[in-house]
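Report on the following structure.
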Amino acid sequence: MANEPLAGESSHRHVAGALEPFRPDAVILHGSAMLTMLRALAWCRMHGVEAIITSDSSTHGARPGPRRWMKMLTIPILLRQYRAALTMSDRSERHLASLHYPRERMFRTPMMIDEGFWKARGERAAIRAR
């Protein structure tokens, strides 16, 4: 497949190779937990391209401990790299605000899911349970 990295090709080169031909004005990235998303963010910063984050994650439900503490310290720094955030709920907006992300840079967007997929998955689970 043309969009798949070649053997030995780094993920960063693949992301750059995928973005470069488009010469985008902005790139929407889903979160920052995956290395590929961080590499795409780095590409945006190096090329003066606006990065927009969309994420439904929250550290509020996470168990207290060193990992949560580190996230609460580092994520606000990372979030400053994004020009805007696409939010899906009041909860996600409260979460971003708690991380000092400016509310004026948050924009509500519908959450798009494949209801058929999740319905079928639920039916399979009910059948297995029986």
Side-chain angles (χ1 to χ4, degrees):
M1 230 174 172
N3 287 335
E4 303 250 343
L6 300 173
E9 183 179 20
S10 77
S11 212
H12 184 271
R13 284 184 49 207
H14 176 61
V15 167
L19 291 171
E20 298 259 355
F22 290 103
R23 303 180 58 85
D25 294 320
V27 175
I28 298 173
L29 301 170
H30 183 76
S32 56
M34 293 176 22
L35 188 54
T36 300
M37 294 297 138
L38 293 173
R39 288 177 172 158
L41 176 61
W43 181 90
C44 289
R45 297 291 295 166
M46 289 187 301
H47 291 84
V49 172
E50 301 292 356
I52 300 168
I53 189 169
T54 180
S55 176
D56 57 355
S57 66
S58 170
T59 55
H60 297 331
R63 291 180 297 172
R67 185 175 177 165
R68 180 177 179 191
W69 182 78
M70 283 301 293
K71 278 186 163 187
M72 295 302 285
L73 287 176
T74 58
I75 289 177
I77 296 165
L78 182 64
L79 285 175
R80 288 187 208 130
Q81 307 305 309
Y82 294 93
R83 177 71 171 156
L86 303 179
T87 62
M88 294 167 234
S89 67
D90 292 341
R91 185 175 184 170
S92 65
E93 288 180 6
R94 282 192 306 270
H95 172 65
L96 287 171
S98 76
L99 296 169
H100 310 290
Y101 195 80
R103 285 197 182 265
E104 64 272 8
R105 290 174 37 197
M106 295 180 206
F107 301 91
R108 186 66 64 96
T109 187
M111 184 176 197
M112 295 167 274
I113 62 168
D114 181 351
E115 290 183 49
F117 171 82
W118 292 107
K119 183 179 179 187
R121 185 176 176 153
E123 290 170 359
R124 283 194 299 268
I127 290 168
R128 285 186 185 142
R130 282 186 281 188

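- Put simply, V49 and F107 are part of two different groups of oily side chains (I, L, V, M, F, W, Y) that touch within less than 4.5 Å, one to the next.
- The two residues L99 and P76 have their closest heavy-atom pair at O-CB, 3.4 Å.
- Rounded to the nearest 0.5 Å, atoms CD1 (I52) and OG1 (T109) are 10.5 Å apart.
- No side-chain heavy atom of H14 sits less than 4.5 Å from a side-chain heavy atom of R39.
- Hydrophobic clustering places M37 together with V15 (ILVMFWY residues linked when any side-chain heavy atoms are closer than 4.5 Å, directly or through intermediates).
- You'll find the side chain of D25 stays beyond 4.5 Å of the side chain of E50, heavy atoms only.
- Every residue was checked against the salt bridge (Lys or Arg N to Asp or Glu O under 4.0 Å) condition with R105, not counting sequence neighbours, and none meets it.
- Enclosure of atom CZ in R83 is not indicated, since only 12 or fewer non-hydrogen atoms of other residues, nucleotides or ligands lie within 6.0 angstrom.
- When every heavy atom of A16 is checked against every heavy atom of W43, the shortest pair comes out as CB-CD1, 3.6 Å.
- Taking both residues in full, the closest heavy atoms of A51 and L29 are given as CB-CD1, 4.4 Å, listed atom of the first, atom of the second, then distance.
- From I53, atom CD1 reaches atom CD of Q81 across 11.0 Å, with rounding to the nearest 0.5 Å.
- Taking 4.5 Å as the limit, every side-chain heavy atom of H100 sits out of range of all side-chain heavy atoms of I75.
- Counting all heavy atoms, side chain and backbone alike, M88 lies closest to R108 at C-CD, 3.9 Å.
- Closest approach of Y82 to G31, counting heavy atoms only: OH-O, 3.7 Å.
- Taking every heavy atom of both residues into account, L73 and I77 meet most closely at O-CD1, 3.7 Å.
- Hydrophobic cluster membership is shared by M106 and L79, with clusters built from Ile, Leu, Val, Met, Phe, Trp and Tyr side chains linked at under 4.5 angstrom.
- A continuous path of hydrophobic side-chain contacts links M72 to L96 [ILVMFWY only; heavy atoms under 4.5 Å].
- Once rounded to the nearest 0.5 Å, the distance linking CG of D90 with NE2 of H95 reads 14.5 Å.
- In terms of hydrophobic clustering, with Ile, Leu, Val, Met, Phe, Trp and Tyr side chains grouped at heavy-atom distances under 4.5 Å, I28 and L35 are assigned to different clusters.
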